[in-house]
Amino acid sequence: DRERVMAEHLRVNRTGEPFNVDYRVLRKDGRIVWVHDEAVLTEHLAGTKAWHGVIHDISERKAMEEDLRYLGNHDALTGLFNRAYYETEIARLEASRSHPVSIIVADVDRLKEVNDQLGHALGDEVLRRAASVLRNAFRAEDVVARTGGDEFGILLPETDEAATQKALERIGKMLARDARAGLEPPLSISFGSATCNRGESLLTALKQADDEMYRLKK
């Protein structure tokens, strides 16, 4: 963070305001740690000025803050984004210039039967397998989220219908790979998709994708 810290040094040297910055430093042993650096400018009788302050290691606090941020945006069971983050991204993409935006909704088939007959621990494992399939099928910039008990949503910025169909084909291949592994119970997922072009409503596309998924599920 050298450039940011030096810029702040120059600013407070001009203004005389207290220096108060969090930044990362590289230790001699190669570890990167977070520090909080605070100082005030003092003037001596001889007219010279000097900064006096203290630097604290705040790595533990920063790690806790990062954990809290992660938990606030992610589903604890699957590690995917959660519904709150998903809805925030829908609102952001609605107002963005990332069109066309495509949406895929997914629902794990027969999860209630698995939970009732084989136990919730195995049901959770099915959800983790489904999350792994979905995570590996998409780009880093795509938003893959668990939006409900057995429901998932994927937001694909700058993705048209043809690219969305290719993504669905990738998922199909990964589901086939999961099936070949012979894991029980078999993993089955129903999908629906829709594309929102500029000037259209992303929420309307979401409803269209939902309707298609439930139609195929039935």
Could you tell me whether E8 and R4 make a salt bridge, using a distance below 4.0 angstrom between a side-chain N and a carboxylate O?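 No, no charged N to carboxylate O under 4.0 Å.
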
Flag the pair R69 and E66 as a salt bridge only when some basic side-chain nitrogen lies within less than 4.0 angstrom of an acidic carboxylate oxygen.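 Salt bridge between R69 and E66, a charged N being under 4.0 Å from a carboxylate O: yes.
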
I need the full list of ring pair (Phe, Tyr, Trp, His ring centres under 6.0 Å) pairs touching residues 119-163, with sequence neighbours left out, sorted by first then second residue.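 Pairs touching residues 119-163 that pass the test: none.
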
Pairs flagged by ring pair (Phe, Tyr, Trp, His ring centres under 6.0 Å) wherever residues 63-91 is involved - sequence neighbours left out: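 Qualifying pairs: Y70-H74, H74-F81, F81-Y85.
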
Name each donor-acceptor pair under 3.5 Å that joins a side chain in residues 186-195 to protein atoms two or more places apart or in another chain, with its distance.
unit_1 : atom_1 : unit_2 : atom_2 : d
S188   : OG     : D109   : OD2    : 2.6
S190   : OG     : D109   : OD1    : 2.8
S190   : OG     : D109   : OD2    : 3.3
T195   : OG1    : S102   : OG     : 2.8

Write out all pairs satisfying side-chain hydrogen bond (donor to acceptor under 3.5 Å, both in side chains) with one or both partners inside residues 171-181, taking only residues at least two apart or from two chains.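 Qualifying pairs, neighbours excluded: R129-D178.
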
Sequence neighbours excluded, every pair satisfying side-chain hydrogen bond (donor to acceptor under 3.5 Å, both in side chains) that has a member inside residues 140-149: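 As it turns out, the side-chain hydrogen bond (donor to acceptor under 3.5 Å, both in side chains) pairs with a partner in residues 140-149, which skip direct neighbours, are D75-R146, R139-D142.
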
With E151, the side chain to side chain contact (heavy atoms under 4.5 Å, CB included) member among V108, D107, D210: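 Filter result, single survivor: D107.
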
Exceeds 12 heavy-atom contacts within 6.0 angstrom, atom CD of E161: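 Result for CD/E161: open.
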
May I have the list of side-chain donor-acceptor pairs in residues 53-61 shorter than 3.5 Å, sequence neighbours left out?
unit_1 : atom_1 : unit_2 : atom_2 : d
D57    : OD1    : S59    : N      : 2.9
D57    : OD1    : S59    : OG     : 2.8
S59    : OG     : W34    : N      : 3.0
R61    : NE     : E65    : OE2    : 3.2
R61    : NH2    : D22    : OD2    : 3.1

Between [X] and [Y] (side chain of the first, backbone of the second, donor and acceptor by atom type, cut-off under 3.5 Å), is there such a pair?
X	Y	answer
N82	G72	yes
D1	R24	yes
R170	A137	yes

